[in-house]
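As structure tokens, the structure follows; a few thoughts come after it.
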Amino acid sequence: MYRVKLTEFEGPLDLLLFFIRRDELDITNIPISRITQEFLEYLHLMASLDLEVAGEFIVMAATLMQIKVRMLLPRDENAPEEEDPRAELIRRLIEYKRFKEMAQEFGSLEEEHRKVYYRRFFEGDTKTLVEEEDDGFLKDISLFNLIAAYKSALDQMPRKVVHEVHLLSVTVDEQMSFVMDFLRVHGPTTLLQLVAHMVEKIRIIVTVIAVLELTKNKAIALAVVDGRDDIAIRPLTSLAPMALASR
Amino acid sequence: MTPDLPPPPVSRQILDVLEALLFATDEPLSTGQLTELLEYLSEQDRPRPLNADTILSCIAYMNREYEVQGRTFRIKPIAGGYQFATLPEFGIWLGRLVRERSKRKLSVSALESLAVIAYKQPVTKPEIEAIRGVNADYVLRTLMERNLVTIVGRASTPGRPLLYGTTREFLKHFGLNDLADLPKPREIDELMAEAEYEVEKRMLRELEEKREAEEGKDEASGLHLVDGDE
Amino acid sequence: MTPDLPPPPVSRQILDVLEALLFATDEPLSTGQLTELLEYLSEQDRPRPLNADTILSCIAYMNREYEVQGRTFRIKPIAGGYQFATLPEFGIWLGRLVRERSKRKLSVSALESLAVIAYKQPVTKPEIEAIRGVNADYVLRTLMERNLVTIVGRASTPGRPLLYGTTREFLKHFGLNDLADLPKPREIDELMAEAEYEVEKRMLRELEEKREAEEGKDEASGLHLVDGDE
């Protein structure tokens, strides 16, 4: 009997290729019973070591046995040019072997390139920033990054979102008037100043909508405040004289 | 053509190793660290004496070389160590590079919001915030500025909140023909779940390593058939 | 002291800006990007013509300079662009210094899957699995996490499976300029022919062994397996 030493195989095809290489078999003319026998012994061994045999190996075992049976069956004289039952498996083995070779090539490319290093520390470089319009914001962000982010967002979603629905009597129209009044009293302001005293989230939201609505109506204009997460608001329509005086 | 330099304080090989080290490091290297790294040089190749002063004179020598050869970079003392840096007069050119670099990445939070909008659209800001648990004002603004997200209408719910959705630009970036091409939640789960087969493979590998350690013997690859009972 | 170089193809100023840009970039810069950046040079300072060929001849010229001057780095074509990188012979020194995630070796299953994806792209998961004969969920996820592979769309076949392809990071990992630089896989016919040839080799060897056994003599050729009994 043979003692079999186990190592990792990339899958059933890899194991078959191993048998073929080790025994110097002709891949185009596989001795199917012998290979099937060895394959089953390997599975048996895995089982005896209490290793769960991966599904792919079991499927392959079934395929091998099926081919073996078909090889034993007498050929149907009427069926013209029936394909060798092994043909499909041989095709797969050769195809896999081909990519396995390329994987080795990739491995040596990787090895070669591992010796090459790029500059990675740029803090010492003096840079003078230049204003330009921007593009390339999404460079290097792939669809995978996007879906990974989606999953992460869902995973981190607050377990219970308590929506206390108490009806607040706040409408967009009201807040539009509020914004215009505020501007009239305080002059140009910012969004944060506008909502500073508000406690209910919904009121803030409605106010923001009101601001957007007013922007759309060209009653006010918005601008980004440099360096801050805030938006500057200034009136576009003429306001009551007292507003001008107040600033 | 180039003015002659005095002879280097150490062998060329040492200068080369120093240059390569300073080039590839991801943080400034102190003279102490450099000394330590040079200790891997074989006994006879090592500079003598091998100390901070030797390193400093090498750095000074290399900088003279770069100057004479008209290179646009020098080795500069930074944060207690030494590092390559381009000369300040090229700062304006590098600024253009850096701007591009800083714009490159979407923040994690922007990406998450973008993902939520992509999958849940049309979606209101409160809905985005409910999923992400944080205020979405800033990211929404950023995403809209980048033309990845746009307002697509208003919900008919009370307060008629704005509805957000993704743009054509978004589809273009991710190589999607339409929104139906986005990976489905089921596909995402498939991608994110560890295949069970891998668990087994890892077990097998561990077992193998343990056995090899026990037997204390080396082995090439594959199934080894050993003539057992004789 | 240093051998003379031919005159530079453009003014020193242009070479300097190019060098500084390439020295300071953390991403390969394409000739297109470099051309664009050089367009900021004032009209009379700009190289003429300002195109990819001009850039390429400048890069070649600079690399000759570095070689003559004994520098340990060169401007290297990578992932469709150019970037400074150390010469491979200094890798051993830098390995002691740098412990980068990206320098981590890929597993065999990752390499195999990458090979399939690289040559067959755009390719679906079932296609990858059919070739390798194993589930590809885990490995695909790992490859995507390392940004070597990405989703590039959906097939138009029933079920519209996701399509996968390699990334720029993939090129960078293997030091390739573009996909055309990939080693060519052997043709099926060649593999078949080789398989048959292997059988002949084996027969030849058996014959050889038999003869040697008969002659009872030792042999040197590595083909022979020592079998122990004397």
Side-chain angles (χ1 to χ4, degrees), chain B residues 1-2 4-5 12 15-21 23-26 29 33 36-38 40-41 65-66 68-73 84-87 89-94 96-98 100-101 104 174-177 180-184 187 190-199 201 227 230, chain C residues 1-2 4-5 12 15-21 23-27 29 33 36-38 40-41 65-66 68-73 84-87 89-94 96-98 100 109 125 134-142 144 150-154 160-163 165 227-228:
Chain B
M1 205 177 155
T2 52
D4 272 341
L5 281 163
R12 191 77 237 172
L15 288 177
D16 284 352
V17 170
L18 271 175
E19 182 180 76
L21 285 169
F23 178 88
T25 181
D26 62 349
L29 291 173
Q33 285 169 303
E36 225 170 88
L37 284 159
L38 286 189
Y40 289 105
L41 280 167
E65 263 195 0
Y66 303 140
V68 167
Q69 295 169 352
R71 298 276 68 91
T72 58
F73 42 78
F84 267 105
T86 45
L87 290 170
E89 54 259 48
F90 295 95
I92 178 94
W93 299 96
L94 310 191
R96 295 181 202 282
L97 272 184
V98 173
E100 211 178 287
R101 199 184 299 156
R104 196 178 295 149
F174 290 104
L176 304 167
N177 281 325
D181 282 357
L182 273 175
K184 306 271 176 296
E187 290 170 317
E190 261 175 38
L191 283 171
M192 296 299 169
E194 184 174 9
E196 280 182 25
Y197 172 57
E198 282 303 316
V199 180
K201 255 172 58 168
D227 236 349
E230 206 69 62
Chain C
M1 204 177 154
T2 52
D4 273 341
L5 282 163
R12 192 75 237 174
L15 286 178
D16 285 352
V17 170
L18 270 177
E19 181 181 76
L21 284 169
F23 199 77
T25 183
D26 64 347
E27 280 281 309
L29 292 173
Q33 285 170 306
E36 226 169 87
L37 285 160
L38 286 189
Y40 291 104
L41 280 166
E65 267 196 358
Y66 304 140
V68 167
Q69 297 170 351
R71 297 275 70 85
T72 59
F73 38 74
F84 267 101
T86 56
L87 292 170
E89 54 259 45
F90 295 95
I92 172 123
W93 297 97
L94 308 183
R96 295 184 210 286
L97 182 70
V98 182
E100 272 186 87
S109 61
K125 186 162 74 76
V134 289
N135 179 291
D137 285 325
Y138 177 75
V139 71
L140 262 177
R141 178 187 159 186
T142 315
M144 286 199 283
T150 188
I151 299 165
V152 295
R154 271 184 197 281
R160 312 215 52 225
L162 295 170
L163 289 168
D227 49 14

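Residue numbering restarts at 1 for every chain, and letters A, B, ... go by the order of the sequence lines.
- Using a 4.5 Å cut-off between heavy atoms, C/Val152 touches chain B through its backbone atoms (N, CA, C, O) alone.
- Considering CZ of B/Phe90 and CD of C/Glu19, their distance stands at 8.0 Å, rounded to 0.5 Å.
- Salt bridge present: B/Arg12 and B/Asp16 bring a charged side-chain N and a carboxylate O closer than 4.0 Å.
- Both the backbone and the side chain of C/Phe84 come within contact range of chain B, with heavy atoms under 4.5 Å apart.
- In this structure, the side chains of B/Glu187 and C/Leu162 come closer than 4.5 Å at one or more pairs of heavy atoms.
- No other option in B/Leu21, B/Thr72, B/Thr25 has as many heavy-atom pairs under 4.5 Å with chain C as B/Thr72.
- Contacts between C/Ile92 and chain B at a heavy-atom distance below 4.5 Å are absent for every atom of the residue.
- Summarising the geometry, atom CZ belonging to C/Arg154 is positioned 9.0 Å from atom CG belonging to C/Leu163; distances are rounded to the nearest 0.5 Å.
- With a 4.5 angstrom heavy-atom cutoff, B/Tyr40 touches chain C via backbone and side-chain atoms both.
- In this structure, the portion of C/Glu65 lying under 4.5 Å from any heavy atom of chain B is its side chain and not its backbone.
- Heavy atoms closer than 4.5 Å to chain C are found in the backbone of B/Leu182, but not in its side chain.
- With a 4.5 Å cut-off on side-chain heavy atoms, C/Trp93 and B/Leu37 do not count as touching.
- Contact annotation: the side chain of B/Arg71 approaches that of C/Tyr66 to within less than 4.5 Å [non-hydrogen atoms, C-beta and beyond].
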